[in-house]
Amino acid sequence: MRSSNKLKISMAATAAASLIAVTGCAANTPAGSSSGAGTNKLEITSWWTSGSEADALNVLIDGVKKASPGLSVDNAAVSGGGGSNARQALAARLQAGSPPDTWQVHPAGQLKSYVDGGQAADLTALWTEGNWASQMPKDVAEAQQVNGKYYTVPIGVHRGNVLWTNPSVLAKANVTIDPAAGVDGLISSLKRVQASGVTPVCLGDKDIFASAELLESLIMSRAGADNWKKLFTNQYSFDAPEVKQALEDYKTILSLANKDHSAITWDEAAKKMTNGACAVNLMGDWAYGELLNAGKKPGTDFAWVVFPGKEDIFDYVGDGFSIPANNIPHADAAKAWLKTLMDPKIQTAFAAKKGSIPALSTADVSGLSPYQQSAAKSFKSAAVVSSLAHAQAAPAEFAQTYADAVSTFNGSGNVAAFTASMTQAQKSQLK
Ligand code: GAL
């Protein structure tokens, strides 16, 4: 899998480089004026390649094809959960002036990096024309903006801090996980699972976002939603006692996880849990879509609790798509794509496969699963915060520093080194 990713990345970079060689330069054509390179095409990049992700993406592709008869769609997804491979490939193409027609992006922090780089097109006129902001929660609409203008279109809302559980493994160990018992309660339950002879935790952090998300869930639980938000405005420190406690908890949880965690992917870890190899798996609710896709029965093969902590926190991971500010190959098709994403029926059909909830409040959730209905309720009542593991809480550069610090910490377990690099990054990158 890894070598094929590399191949795709280097192919993208080579294709982009040869385009420059042919044209001599990467001339900038503003968005809205098609370059004429065939009007009935649409190239989409994303990192949706697992079973459920690919099925959900196909709902969108079928939708845009229906809306634009004769359109041919090139699904240029690059594998690697959390998208770091896909974003590398995209960066090479943007740099070379050879972008796809549209790309997957997280709102807020990650989006801002593309806007600051002059790479994402201003979509404010489309938003106004479609009156889109009035059709979704205010927080969701605001996350799609940078400096008051819209640069992306949201397709769904995921929750990052869910603990998926194996009911029969827990029952055999005579353990229940009570979210209200907080992180201390969770750790003592996991130790009881260990005493029953089963590995307590399944983790698959071949792509580092999985452990970055586990650590952020612990920090949120220990520090609370308000302090979590303050980390990104420099009003609360990564050096705080609660963060240090979360790092100690994280080490404990890592010691209770499968030893091969860095060799397996997020979806493999979730399936391993439902197959009885362990009791719990922390993962965003794209795992819900993936487990359904694998034929697993909610409530029987797997269950869930919100990640234990002292309050109900919803770790918001948004998915959406932007289009290039320059050199867009098929502007009309890209606009048709964005409009398709804003169709409430498409949002509901996508959510059913993906495990997310629709971004549009006008989309019908009554036919979605009980899990998704509870997520939709919680999104209204819980303290909603943004994910750092998915570069939403802060710009991409800071999120990368965090991902690197988590990778290093996985090997060293050095709390002081982790807090030192993060407090330094807070000062230099979050001004
Ligand atoms: C996230 C994305 C989800 C899911 C996950 C694993 O970044 O928001 O939709 O695809 O990565 O790949």
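Side-chain atoms are counted along with the backbone in the values below, which use heavy atoms only and exclude waters and symmetry mates. For ligands, and for the atoms within them, numbers begin at 1 and follow the listed sequence.
Considering only heavy atoms from C-beta on, L430 comes within 4.5 Å of F398 through its side chain.
E268 and T265 form a side-chain donor-acceptor contact under 3.5 Å, judged by distance and modelled atom types alone.
Listed by chain and number, W47, W48, E53, G81, G82, H106, H158, W266, W286, V317, D319, K354, H390 each place a non-hydrogen atom less than 4.0 angstrom from ligand 1.
E397 has no carboxylate O lying under 4.0 Å from a charged side-chain N of K112, or vice versa, which leaves the two without a salt bridge. Electrostatic pairing of D239 and K244 counts as a salt bridge here, judged by a charged N lying under 4.0 Å from a carboxylate O.
Between F321 and W337, the distance from one ring center to the other falls under 6.0 angstrom.
Screening residues 342-370 for ring-ring contact (aromatic ring centres under 6.0 Å, His included) gives W48-F350 as the qualifying pairs, with residues at least two apart or on separate chains.
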